[in-house]
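These numbers come from the heavy atoms of this one structure, side chains and all, not from hydrogens, waters or symmetry mates. Atoms within each ligand, like the ligands themselves, are counted from 1 in listed order.
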Amino acid sequence: MVAMKMQIYGKAADACGGECFDVKNPATGELLEQVPRGTEDDVSLAIEAADLAFEGWASTSPQQRGMIFYRAAGLVRQRKEELAVLLTQEQGKPLAEARSEIEGFAHVLEYYCGLASSLRGDFVPVPGNGYAFTVKKPLGICAAIIPWNMPALIMGWKIAPALISGNTFVLKPASNTPLTNLTLASILNEAGLPAGILNVVTGPGETAGESLVRNPNVRKISFTGESRTGKRVAELAASGMKRVTLELGGSDPMLVCDDANLESAVAGAIRGRFYNCGQACTAVKRLYVFESIAEEFIRKLEAGVKNLKVGNGLDKTTNIGPLNNRHQLEYIKGLVAEIEEKDGGRIITGGKVPEFKGSDKGYFFEPTLVSDVPGDSRLLKEEVFGPLLPIVTVKDMDEAIEEANRSIYGLGASIWTKDLDRVRIGCEQLNAGIIWVNQHLKVAPEVPFGGVKESGFGRENGPDILSEYLDTRTIMLKT
Ligand code: NAD
């Protein structure tokens, strides 16, 4: 097997020493590729490449940069099927979800292509005999470290605002899902992105990731991953006085009021929780339903969940693929064992590894609903990254909001109601960076995305994001 190469200087590069690690299919356990185990030296090489390329790239017009994005988006759309299959193979998600993630990546490039013409400074009249101007300058070398759950979309969110603003870039993918990232980077080069502007270094977080954050030439780090890792990244970035954006874990609550459209709330809960096998930062991780409708809601939800088919994401009939890795599967199994041993709730449906031909080869788990969850349960306190949904009944909106806000996380939250007063109260009082009304999960590069509390700080996307990748230079002019 030929190892897939890192992208340094826009060319395929061998790892120093030639050491590799395996990327395996989480549905079958099969070896997909071997990828270089990037070292500190590889990171330095990538940063050197980004440094050499910086001046040339910064002096191109934002519109020229945008046109490269536009061409790349076209190529990504042309190769959508091949990319979606690759993403499903390494990540596990059903093919339909992989296709929409690849579309999402192309859309992100197109959005920032449009934003290119909005890059500008200001002219500011000041008191006295003079003028002031502000000029926007790219920061230099930016870097991102990303997780395995949405590798294509998150790559787009990180690289696009940085590159369109004239920065050069080093990306470190998650070790379970580097293949789609490497292929997308090579498509950007094919679309005309000059060598050295986007470099991809594969390798472990503790070595390749940390040396990227430590390197004094990197001016900004955008990190997406677990809150614990985010704190480590923040510490390292602080000692180098680097800008940092942290998109971390979440435990999003979904509030289902007594006047909600039950059919759409049930469909929303199923998609919100079981999309990507429950491995989305903004997945519905806690469900609070008004007690007056709880019985009917749970009955309908159970019926819907029982219809979901677990299987290999490449199989057309699959609704839920495997978890991405053994660690995630063991974590979910451990939570279920604890529920059973400690009387920690009632499993309504699911709760075990499904039985079908080959299910023992992958990291499969049944979609699981749990009711009667005690308030101190780990299901409500931790970020449950998998197909397991705790359901809690509440008397009214006040109690729902109080319970929802109890989490250490504050990424997203959703309110399901037809009552505008409840919408207003929820939008004002829920402590989250994103609030959905009668929907959950939808994200778009046109609007800011990010959380509060342990879900991190800084925002991605939306027109204001460019200021995160630019320095403002003030020029005072006396006539
Ligand atoms: P993780 O924190 O284990 O790993 C994320 C990345 O950090 C990987 O590339 C990993 O190699 C790297 N890394 C690990 N240790 C490091 C270190 N010491 N220094 C530098 N880099 C290091 O997270 P994960 O398990 O890959 O992803 C799941 C997590 O990501 C969940 O908590 C999920 O909620 C979160 N997430 C958040 C968002 C968001 O936008 N808020 C989006 C997607 C996922």
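Put simply, the side chain of N181 never gets that close to the backbone of V200: no donor and acceptor are under 3.5 Å apart. A donor-acceptor pair is defined here as one N or O able to donate and one able to accept, closer than 3.5 Å; no such pair exists between the side chain of T318 and the backbone of I320. With hydrogens and angles disregarded, a donor-acceptor distance shorter than 3.5 Å links the side chain of N199 to the backbone of F169. Remark: side-chain polar atoms of R273 are paired, donor with acceptor, to backbone N or O of G278 under 3.5 angstrom.
Listed by number with element, the atoms of ligand 1 under 4.0 angstrom from any heavy atom of P173 are 9 (O). Listed by number with element, the atoms of ligand 1 under 4.0 Å from a non-hydrogen atom of T229 are 1 (P), 2 (O), 3 (O), 13 (N), 14 (C), 15 (N), 16 (C), 17 (C), 22 (C). Within ligand 1, counting atoms from 1 as listed, the ones closer than 4.0 Å to a heavy atom of F223 are 2 (O), 6 (C), 7 (O). Residue G249 has at least one heavy-atom neighbour below 4.0 Å for each of these atoms of ligand 1: 32 (O), 34 (O). Heavy-atom contacts of G209 reach the following atoms of ligand 1: 20 (C), 21 (N) (cutoff under 4.0 Å). Residue-ligand proximity, N149 to ligand 1, at heavy-atom distances under 4.0 Å covers atoms 43 (C), 44 (C).
Residue contacts with ligand 1, taken as heavy atom pairs separated by less than 4.0 Å, involve L248 solely via the backbone atoms N, CA, C and O. The side chain of L411, and not its backbone, has at least one atom closer than 4.0 Å to an atom of ligand 1 (non-hydrogen atoms only; side chain from C-beta on).
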Task: Candidate pair Q89 and N25, rule side chain to side chain donor-acceptor pair (under 3.5 Å), full reasoning - done: CA-CA 5 Å; Q89 284 177 326; N25 184 330; 6.0 Å; no
- [ ] Evaluate the side-chain contact (heavy atoms from CB on, under 4.5 Å) criterion for residues L255 and W416: first the C-alpha distance (whole Å), next the side-chain angles of each, then the deciding distance (0.1 Å), finally the verdict.
- [x] CA-CA 6 Å; L255 279 51; W416 297 72; 5.7 Å; no
TODO: For the pair T202 and R37, evaluate side chain to side chain donor-acceptor pair (under 3.5 Å) and give the outcome as yes or no after the intermediate values.
DONE: CA-CA 6 Å; T202 50; R37 187 182 294 279; over 6 Å; no
- [ ] Run the numbers on K158 and T245 for side chain to side chain donor-acceptor pair (under 3.5 Å), then give the verdict.
- [x] CA-CA 10 Å; K158 308 280 187 204; T245 299; over 6 Å; no
Open item on the list: Checking N431 against Y409 for the side chain to side chain donor-acceptor pair (under 3.5 Å) test, could you report, in this order, the C-alpha distance in whole Å, the side-chain angles of both residues, the deciding distance, and whether it holds?
Closed with: CA-CA 9 Å; N431 206 354; Y409 297 106; over 6 Å; no
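Here the heavy atom of the protein found nearest to atom 42 (C) of ligand 1 is C281 SG, 2.9 Å. Ranking protein heavy atoms by distance to atom 27 (O) of ligand 1, first place goes to P147 CB, 3.2 Å. Remark: minimum distance from atom 35 (C) of ligand 1 to any protein heavy atom is reached at G225 O, 3.4 Å. In this structure, atom 28 (C) of ligand 1 lies nearest to the protein heavy atom F385 CE2, 3.7 Å. Ranking the protein heavy atoms by distance from atom 32 (O) of ligand 1 puts E383 OE1, 2.6 Å first. Considering only non-hydrogen protein atoms, atom 25 (O) of ligand 1 sits nearest to W148 NE1, 3.0 Å.
Between R406 and E402 there is a salt bridge, since at least one side-chain N of the basic residue sits less than 4.0 Å from a carboxylate O of the acidic one.
At least one heavy atom of E210 sits less than 4.0 Å from an atom of ligand 1. Residue contacts with ligand 1 do not include V213, since none of its heavy atoms lies under 4.0 Å from the ligand. Using a 4.0 Å cutoff on heavy atoms, G450 does not count as a contact of ligand 1. Using 4.0 Å as the threshold, S175 has no heavy atom nearer than that to any atom of ligand 1. Remark: distances from the non-hydrogen atoms of I154 to ligand 1 include one below 4.0 Å.
Relative to atom 23 (O) of ligand 1, the option among E226, Q279, K172 with the closest non-hydrogen atom is E226. Relative to atom 21 (N) of ligand 1, the option among G412, A237, G456, G205 with the closest non-hydrogen atom is G205. Considering only non-hydrogen atoms, atom 12 (C) of ligand 1 lies nearest to I145 out of I221, I145, N324.
Of the N and O atoms on the side chains of S467 and D464, not one donor lies less than 3.5 Å from an acceptor on the other residue.
The shortest N/O to N/O separation between I146 and ligand 1 falls below 3.5 Å. For ligand 1, the polar-atom distance check against K285 finds no nitrogen or oxygen pair separated by under 3.5 Å. The shortest N or O to N or O distance between R232 and ligand 1 is not under 3.5 Å.
In this structure, W148 and F385 have perpendicular ring planes: the angle between them is above 60°, well past the 30° mark.
Scored by the side chain to side chain donor-acceptor pair (under 3.5 Å) test, E235 finds R232 as partners (sequence neighbours excluded).
Under the salt bridge (charged side-chain N to carboxylate O under 4.0 Å, His left out) criterion, the residue pairs touching residues 441-454 are K231-E454, with sequence neighbours excluded.
The environment of K136 atom NZ is dense: over 12 non-hydrogen atoms of other residues, nucleotides or ligands sit within 6.0 angstrom.
Under the 4.0 Å distance rule, the nearest protein heavy atom to atom 4 (O) of ligand 1 falls outside the cut-off.
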